[in-house]
Amino acid sequence: MASTFPWWLAPCLMALLFVLCASSTPTNGTAKLTQGRLVVHGNAAIASTDENFICATIDWWPSEKCDYGSCSWGEASILNLQLSNTVLLNAVKAFSPLKLRLGGSLDDMVIYQENPSQPCGPFVVNTSALFGFSNGCLSLARWDELNKFFTESGAAVVFGLNALNGRVTLRDGNELSGKGYRARVHALQYAKDVITLKSLVKRIYKAQQKKPLVIAPGGNYEEKWFREFIDKTKPSSSLDVITHHIYSLGAGNDEHLVEKILDPSYLDVVGSLFSNMNRLIKSTGTSATAWIGEAGGAYNSGHNLVTNSFVSSFWYLDQLALSAKYNTKSFCRQSLVGGNYGLLDTTTFRPNPDYYSALLWHRLMGPKVLSTNFQGSKKIRAYAHCAKDFHGISLLLLNLNRMTTTQVRVSSKGANYQREEYHLTAEYGNLHTQTVLLNGNALLLDSLNSIPIMEPTKVDGSQPIEVAPLSIVFVRMPDFPARACL
C-alpha cells in the first residue's frame with residue numbers, strides 16, 4: 001500500500017470522420033500505401049484520467065539484483081540513486097510535474113531509521129530471505145536528500161509502505177494481493193491495515209486541507225481478492241485509489257517480445273484487464289479510482305534493447321491509451337531509471353525513446369478521452385483525447401506494420417485548418433535503437449544536459465496525415481469541433 005504526500009496533488013453533435021479510401025497502392029521501394037477510415041465522436045468524453053496521468057517508479061533494487069544472468073540495476077536504487085545528476089533533475093522537471101512512485105518488491109523489507117544513532121545499512125544478498133535480500137534501511141539523511149530532490153524537480157510523490165513488518169508471511173502466495181508471489185496477505189487483513197492507515201493519515205494531517213491519498217494494494221489483479229478487499233474498505237471510505245500491476249509481455253527473457261509488441265491481437269487482450277477493473281469499481285460502488293501502480297512491459301527487469309528501445313513505445317503508448325479508455329487515472333511506468341525498462345538509461349540517465357513518448361503524451365493528451373472507431377488495417381492503433389491545455393483534440397496513431405504507410409485524410413468541417421504533427425521514428429529504421437527521431441531529427445541532450453525542445457511540424461489541415469511503417473504520430477488539431485473539449 002502507499003500514501004501520496006500532500007504537495008501534489010443531446011443526440012450526437014457530430015460523428016467526425018477521418019475518411020480514407022479503401023485501396024492499397026505501391027509507393028517508393030517495397031512500401032505500400034493503405035487507407036481506411038477513423039471516426040472520432042466529439043460530443044462527450046467516454047472516460048477521464050487525472051490531469052497528470054504519467055507516472056514513473058524508482059525502485060529499491062540494489063546493484064546485486066540480477067535476472068537471467070544480467071545485473072541491470074546499477075546505482076538506481078532509492079538508497080543510492082545520484083539525485084544531484086543534472087540530466088536526472090532536468091528529465092523530471094520537464095514534466096512539471098511528474099508523478100514518482102517510490103517502491104517495489106523490497107517495500108516489505110525496508111526499515112525506517114527513527115534516529116541518527118540507529119544502525120542503518122543497505123540491502124544485502126541473502127538467498128534464504130524473502131525476495132533474496134536481507135532488510136535494508138532508509139536513513140533520515142537519505143530521506144532529507146530525497147525530499148530536496150522532490151522539491152527541486154517539482155515531482156508529485158507516492159511512497160510505498162512496508163506491509164509485512166512484524167508479520168509472519170504466508171509463503172504460499174513481491175505481490176501481496178490475490179495468490180501473491182512469495183508472500184501474500186488475505187484481503188480481510190489488508191483491508192484492516194488500510195483502514196488503520198487512513199485513520200493515521202487523518203490524525204497526522206488533521207490541520208491540513210489537503211491530505212495524502214491512501215493507495216492500495218499495489219499487486220497483481222485477481223477479481224475475487226480485489227472485490228473482497230474493496231467491499232471491506234468501502235464502508236469506511238478508507239481507500240482513495242485501488243492500484244494494480246501489469247507486465248503484459250511476460251518474462252524478460254522471452255525471445256518473442258517484439259512479435260508480441262507488434263501484434264494487435266496481443267495488445268487487445270490487455271484491454272480486458274482495464275475493462276474488468278473499471279467494471280469492478282462500478283459494480284462495488286466504491287469511491288476509489290484505479291491506477292496502474294507498476295507496468296514495465298516484461299517482468300524480471302525487462303529485456304535490454306527491447307523494453308528500453310524504440311520498439312517499446314508501441315506497447316507503452318498503447319497501454320497508456322487503453323487504460324485511459326477505461327477510466328484509469330494514473331499509469332506508473334517501471335521504471336524511471338533502473339533495470340532494462342527505464343525511461344532513462346541506468347548509467348548515463350540519457351532518455352530512452354519511451355521517455356520522449358511519455359513526455360509528448362503528458363503535453364498533448366488531455367484528461368478527457370474520446371470515442372474512436374478505426375475501419376481499415378488492424379495494424380493501425382488510433383486514439384483521441386481532448387487536447388491538453390488547448391482547444392480541439394489530440395490524436396495518437398500507431399502503425400505496427402513493417403511495410404505499409406497509412407494515409408489519414410481529414411474531411412470534417414472546421415477541421416481543415418493548420419494542425420501540428422509529431423512523427424516518431426527509429427534511427428536508421430532500427431527497432432532496437434535507443435535514439436528516437438522527431439520529424440526526422442534525433443532527440444538528443446544539449447551541452448547543458450537539457451531535454452531537447454520538441455517542435456511539431458505544422459501542416460495544412462486539408463492534407464492527409466501520413467503514418468509511416470513502424471512509426472508513431474501525435475497530432476494536435478486545435479480547430480477540431482468537439483463539444484466535449486470546449
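- D446 places a side-chain N or O within 3.5 Å of a backbone atom of N449 that can act as its donor or acceptor partner.
- For the atom pair CG (D318) and CZ (R381), the distance works out to 4.0 Å, reported to the nearest 0.5 Å.
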### Message
Go through it in stages, so that I can follow the logic: the residues are N399 and S377, the test is side chain to side chain contact (heavy atoms under 4.5 Å, CB included), and I'd like the CA-CA distance, side-chain angles, deciding distance and then a yes or no.
### Response
CA-CA 9 Å; N399 188 351; S377 170; 6.0 Å; no
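- Taking the side chain as every heavy atom from C-beta outward, Y383 and L322 approach each other to under 4.5 Å.
- The side chain to side chain donor-acceptor pair (under 3.5 Å) analysis of residues 76-90, with sequence neighbours excluded, yields the pairs E75-N80.
- The two residues Y221 and F226 come nearest to each other via the heavy atoms CA-CE1, 3.6 Å.
- Formation of a donor-acceptor pair under 3.5 Å by the T346 side chain with backbone atoms of G339 is found in this model.
- Closest approach of L364 and F474 over heavy atoms only: CD1-CB, 3.6 Å.
- Panel note: side chain N340, backbone T307; no donor-acceptor pair is recorded below 3.5 Å.
- In this structure, K325 places its NZ atom where only 12 or fewer heavy-atom neighbours from other residues, nucleotides or ligands lie under 6.0 Å away.
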### Task
Check the pair D59 / S335 against side-chain hydrogen bond (donor to acceptor under 3.5 Å, both in side chains), numbers first and verdict last.
CA-CA 7 Å; D59 213 306; S335 62; over 6 Å; no
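- Considering all non-hydrogen atoms of both residues, F390 and P478 come closest at CE2-CB, 3.5 Å.
- Ring-centre distance between Y356 and F310: not below the 6.0 Å cut-off.
- Counting non-hydrogen atoms of neighbouring residues, nucleotides and ligands closer than 6.0 angstrom, the NZ atom of K388 exceeds 12 such neighbours.
- Between the CG atom in N327 and the CD1 atom in I281 there is a gap of 8.0 Å [rounded to 0.5 Å].
- To the nearest 0.5 angstrom, R476 atom CZ is 12.0 Å from L395 atom CG.
- Taking the side chain as every heavy atom from C-beta outward, T49 and M365 never approach each other to under 4.5 Å.
- A perpendicular orientation is assigned to the rings of W361 and H385, their planes being inclined by more than 60° (bins at 30° and 60°).
- With hydrogens and angles left out, the side-chain atoms of N439 and T457 include a donor and acceptor closer than 3.5 Å.
- Side-chain atoms of S357 and S313 form a donor-acceptor pair, as typed in the model, at a separation below 3.5 Å.
- Across Q334, R333, R101, a single residue satisfies side chain to side chain donor-acceptor pair (under 3.5 Å) together with T57, and that is Q334.
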### Q319 and L273: CA distance, side-chain angles, deciding distance, side chain to side chain contact (heavy atoms under 4.5 Å, CB included) verdict
CA-CA 11 Å; Q319 279 195 21; L273 176 60; over 6 Å; no
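- Residues L470 and L262 have side chains in contact (heavy-atom distance under 4.5 Å, counting atoms from C-beta outward).
- Minimum interatomic distance between P212 and D240 (heavy atoms only, all atoms of both residues): O-OD2, 4.2 Å.
- No more than 12 heavy atoms of other residues, nucleotides or ligands shown are found within 6.0 angstrom of CD1 on I453.
- Using bins of under 30°, 30° to 60° and over 60° for the plane-to-plane angle, the ring pair H244/F274 lands in the tilted bin.
- Relative ring orientation between F159 and W143 is described as perpendicular, the plane-to-plane angle rising above 60° on a 0-90° scale split at 30° and 60°.
- Separating the SG atom in C55 from the CZ atom in F53 is a distance of 10.0 Å, to the nearest 0.5 Å.
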### Task
Determine, step by step, whether L257 and V311 satisfy the side chain to side chain contact (heavy atoms under 4.5 Å, CB included) criterion, reporting the C-alpha distance in whole Å, the side-chain angles of both residues, the deciding distance to 0.1 Å, and the verdict.
CA-CA 10 Å; L257 293 177; V311 72; over 6 Å; no
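- At least one side-chain heavy atom of P97 sits under 4.5 Å from a side-chain heavy atom of N52.
- Put simply, the side chain of R419 never gets that close to the backbone of F480: no donor and acceptor are under 3.5 Å apart.
- A donor-acceptor pair is defined here as one N or O able to donate and one able to accept, closer than 3.5 Å; such a pair exists between the side chain of Y355 and the backbone of A91.
- Checking side-chain atoms of T372 against main-chain N and O of A382 turns up a donor-acceptor pair under 3.5 Å.
- You'll find the side chain of L359 reaches within 4.5 Å of the side chain of I451, heavy atoms only.
- Considering OG of S471 and CG of L398, their distance stands at 8.5 Å, rounded to 0.5 Å.
- Under a 3.5 Å cut-off, the side chain of S275 and the backbone N or O of G271 do not form any donor-acceptor pair.
- Judged by distance alone, the side chains of K99 and S330 do bring a donor and an acceptor atom under 3.5 Å apart.
- Closest of all the heavy-atom pairs between V270 and S248 is CG2-CB, 3.6 Å.
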### Task
Might you work through the salt bridge (Lys or Arg N to Asp or Glu O under 4.0 Å) test for K148 and E145, ending with a clear yes or no?
CA-CA 5 Å; K148 180 182 178 182; E145 292 172 357; over 6 Å; no
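- The backbone N or O of N304 lies less than 3.5 Å from no partner atom in the side chain of N308, so there is not a single donor-acceptor pair.
- The local environment of NE2 in H391 is sparse, with at most 12 non-hydrogen atoms from other residues, nucleotides or ligands closer than 6.0 Å.
- Under the 4.5 Å side-chain criterion, counting only non-hydrogen atoms from C-beta, S153 is in contact with K93.
- Interatomic distance, L431 CG to F314 CZ, rounded to the nearest 0.5 Å: 6.5 Å.
- The minimum heavy-atom distance linking S309 with D354 is given by the pair O-OD1, 4.3 Å.
- A donor-acceptor distance shorter than 3.5 angstrom exists from the side chain of S236 to the backbone of T233, with no hydrogens or angles considered.
- At least one side-chain heavy atom of L100 sits under 4.5 Å from a side-chain heavy atom of I58.
- Side-chain contact check for T286 versus I242: every heavy-atom pair is 4.5 Å or farther apart.
- For S96 and R363, the side-chain atoms include no donor-acceptor pair closer than 3.5 Å.
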### Task
Kindly determine whether V87 and T348 satisfy side chain to side chain contact (heavy atoms under 4.5 Å, CB included), including the steps that lead there.
CA-CA 8 Å; V87 181; T348 66; over 6 Å; no
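- Not a single donor-acceptor pair under 3.5 Å links the side chain of H362 to the backbone N or O of I54.
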